Structure formats: structure tokens, C-alpha cells
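See structure below.
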Amino acid sequence: MKKIAIYGKGGIGKSTTVSNISAALASMGLVVLQIGCDPKADSTRNLTGGKNIPTVLETLRKNGDADLEELVYKSTTGVLCVEAGGPVPGVGCAGRGIITAFEKLEELDAYEKYNPDIILYDVLGDVVCGGFAMPIRGGYAEEVCIVTSGEMMSLYAASNISYAVKSFENRGYASLKGLILNAKNIEGENELVDNAAKEIETSVIYRMPRHPLVQKAEEQGKTVVEAFPDSDMAEHYRNLAKLLLDGGDAK
């Protein structure tokens, strides 16, 4: 079972990237579990027809408890989808919500029942408090990738996330695999991201181009891999999925 946490600043295209990776891996015949770790609970929307699925915390608040089938939803692409969710706005801690969701999945033996080949944690990276760091320090993930563009705040978040990962590395927790450039086509973007990678002592493992099919697929509530499987953009996502699966070289 391979376990990868993918972090990134909100709005950077992280969930789009993760969902397309999941769909690509599922198309290869693998059992994929994607766990959204963002209070917005929109990580899996492009896998579930553009609709939000009930979250772990929402279900627990409503019913007091839950069966595994109420928390894990199988998409049309075959990806197993979970959304941790968050607290009622203005009440409680979003990071604590992630911890609660993880504990519930373990309690219900989710990993043993579904036996996924790969687990992808889609984690908001604007802040890396205890809850949002859970995939790193809790031993859930083995590797961490950071989605970024060349924008200043995106690179700033990437630096913070890398610092958090490295602070736990010596304890045998997840290690930083590298950056995934999700291009915004800003001036000098490749150089900006290369310089940032050098500063945080990592590499750019993939450069994902900006492509109009991403928006067109999202308008259908789908991933590019599902909506436009023969496109060059779908091939990019499949290449990235293979690289993460096989632990290949930076691109």
C-alpha cells in the first residue's frame, strides 16, 4: 500500500491535480482511496459528478456514529472517495476535524476492508497546524508532494510545508518527494519554481502545463482523465501518476 500526501495552497489546483492522478491510477486497474483533508470538502467533486459527498464530520454530527459505507463513496471512475470535512463555521478546529476523521476510518477498519493499492491525501497547505500535519506526523503518508505555481504566495506556502515535513523527517515520518508545478503561465515561472526548489533542497518532479480542457472537464463535474481520456493533458496526468507510483526521476 503506497501512501502519498499532496499539499498546496488553496486555489492552486491541488484538488484538480489529485483527482486526475486518482482517476489515472484507477484506469490502470489499481484500487485508489482519495481522502480530502480540507474543510471545504471539495477534493473529490470532479470524481463525483461535480457534487459534494457527505463528509465524515457532517455524518458524525448528524447521526452520532456512522458505518463505513456512509463515509466512503465509490466514484464512476472507481476511485474510493472520503471527505474529512470541517466543524460548523465559527465553532471548533478544522485541524481537529481531520484527526477525528482519520481516527474514525481506522476504528472502522477502512484500510483493511478496501485494501487500497494507493492512498492519496489531499491536504490544504495554507497552514500546517497539528491537524493538517496529521498525514505527515501520524505515520499515514510515506511521501509528501507539494503542488505550486510560480506565484509568490504559492511558493511561500510550499516553503512552509517543506519546513514542516523536514521537521518530522528525522522521526521516521513522511519524506518530501518534491514539487509539482501546476503552471499559471506567469513570466519566468519555471525559473521561479526551480529557484524555490533549490532553496528548500528538493526537486521539481513534474511540470503540469496550463490547459483549457481542465476547465471544460470541471464544467462537466469530471476529471480530464475521464472526460477527455485521449487528450495530451490526460496523458500528462497519467505520466505523473506513474511517476508517483513507481518513484521515478524528476521531470
Side-chain angles (χ1 to χ4, degrees), residues 1-7 14-38 41-49 51-60 63 65-85 97-123 131-145 168 172-175 177 180 222-223 225-226 229 234 237-248:
M1 188 189 300
K2 196 171 184 69
K3 298 172 284 186
I4 303 172
I6 301 183
Y7 282 76
K14 167 182 52 64
S15 294
T16 296
T17 302
V18 176
S19 294
N20 274 282
I21 293 169
S22 291
L25 291 166
S27 72
M28 299 173 198
L30 298 171
V31 179
V32 184
L33 174 61
Q34 179 172 325
I35 302 178
C37 304
D38 186 326
D42 58 357
S43 170
T44 58
R45 277 178 61 89
N46 292 335
L47 295 166
T48 56
K51 298 176 181 178
N52 284 20
I53 62 174
T55 71
V56 175
L57 289 192
E58 176 188 351
T59 303
L60 292 177
N63 301 334
D65 203 353
D67 295 326
L68 200 51
E69 292 72 20
E70 297 176 272
L71 306 179
V72 182
Y73 292 77
K74 191 171 185 177
S75 75
T76 54
T77 57
V79 177
L80 300 166
C81 302
V82 175
E83 292 284 359
I98 294 171
I99 295 171
T100 300
F102 280 24
E103 289 174 347
K104 193 64 185 177
L105 290 173
E106 282 195 293
E107 179 190 323
L108 295 173
D109 297 323
Y111 308 112
E112 289 77 12
K113 177 172 181 179
Y114 293 106
N115 194 26
D117 297 301
I118 184 164
I119 303 173
L120 295 174
Y121 300 96
D122 176 5
V123 196
F132 289 100
M134 189 72 173
I136 305 171
R137 66 179 178 84
Y140 290 96
E142 302 157 333
E143 296 176 342
V144 174
C145 297
F168 289 117
Y173 293 155
S175 60
K177 184 173 179 65
I180 298 169
K222 295 181 178 180
T223 60
V225 172
E226 182 180 14
Y237 286 122
R238 284 191 288 268
N239 288 339
L240 175 54
K242 289 172 187 173
L243 186 149
L244 294 178
L245 186 65
D246 301 333

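Counting begins at 1 with the first residue of the sequence. Please read these numbers as outputs of a predicted model, since none were measured by experiment.
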Legend entry - Basic-acidic side-chain contact under 4.0 Å: Lys2, Asp117: no
Inset, instruction - Sequence neighbours left out, what passes ring pair (Phe, Tyr, Trp, His ring centres under 6.0 Å) with Tyr121? Give chain and number order. - result: Phe102
Legend entry - Check against side chain to side chain contact (heavy atoms under 4.5 Å, CB included), Val82 and Val56: CA-CA 8 Å; Val82 175; Val56 175; 3.8 Å; yes
Inset, instruction - Side-chain contact test, heavy atoms from C-beta onward, threshold under 4.5 Å: evaluate it for Leu60 versus Lys104 and give yes or no. - result: yes
Legend entry - Where Glu226 and Pro229 come nearest, the two heavy atoms and their spacing: O-CD, 3.6 Å
Legend entry - Any Met28 side-chain heavy atom under 4.5 Å of Lys242 side chain: yes
Legend entry - Close side-chain approach of Asn52 and Arg45, heavy atoms under 4.5 Å: yes
Inset, instruction - Of all the heavy-atom pairs spanning Pro54 and Thr59, show the shortest one and how long it is. - result: CB-OG1, 3.9 Å
Legend entry - Worked check of side chain to side chain contact (heavy atoms under 4.5 Å, CB included) between Thr17 and Leu240: CA-CA 10 Å; Thr17 302; Leu240 175 54; 4.1 Å; yes
Legend entry - Check: Ile119 and Met1 side chains under 4.5 Å, non-hydrogen atoms: yes
Legend entry - Sub-4.5 Å side-chain heavy-atom contact between Ser19 and Gln34: yes
Inset, instruction - May I ask you to decide if Ile4's main-chain N or O and Glu143's side chain share a donor-acceptor pair within less than 3.5 Å? - result: no
Legend entry - Ala41 versus Thr55, closest heavy-atom pair with distance: CB-CG2, 3.5 Å
Inset, instruction - Search all heavy atoms of Phe132 against all heavy atoms of Val123 and return the closest pair with its distance. - result: O-CG1, 3.5 Å
Inset, instruction - Give me the one residue out of Asn46, Thr44, Asp122 that meets side-chain hydrogen bond (donor to acceptor under 3.5 Å, both in side chains) with Ser15. - result: Asp122
Legend entry - Atom of Val79, atom of Leu47 and distance for their closest heavy-atom approach: CG1-CD1, 3.9 Å
Legend entry - Flag side-chain contact, heavy atom, 4.5 Å: Val31 against Asn115: no
Legend entry - Spacing of Glu107 atom CD and Asp65 atom CG [to the nearest 0.5 Å]: 6.5 Å
Legend entry - Side-chain heavy atoms of Glu83 within contact of Ser43, under 4.5 Å: yes
Inset, instruction - Search all heavy atoms of Leu108 against all heavy atoms of Ala66 and return the closest pair with its distance. - result: CD1-O, 3.6 Å
Legend entry - Tyr140 OH to Cys37 SG distance, which is reported to the nearest 0.5 Å: 10.5 Å
Legend entry - Chi angles and distances behind the side chain to side chain contact (heavy atoms under 4.5 Å, CB included) call for Ile35, Leu120: CA-CA 6 Å; Ile35 302 178; Leu120 295 174; over 6 Å; no
Legend entry - Spacing of OH belonging to Tyr73 relative to NZ belonging to Lys51, to within rounding of 0.5 Å: 12.5 Å
Inset, instruction - With rounding to the nearest 0.5 Å, note down the distance linking OG1 in Thr223 to CD1 in Ile21. - result: 11.5 Å
Inset, instruction - Taking the side chain as every heavy atom from C-beta outward, state whether Pro116 and Val32 have any pair of such atoms under 4.5 Å apart. - result: no
Inset, instruction - Could you walk me through whether Val144 and Tyr7 pass side chain to side chain contact (heavy atoms under 4.5 Å, CB included), step by step? - result: CA-CA 7 Å; Val144 174; Tyr7 282 76; 3.8 Å; yes
Legend entry - Point-to-point distance, once rounded to the nearest 0.5 Å, from CD of Glu70 to CD of Glu58: 11.5 Å
Legend entry - Lys/Arg N to Asp/Glu carboxylate O, Lys113 vs Glu69, below 4.0 Å: yes
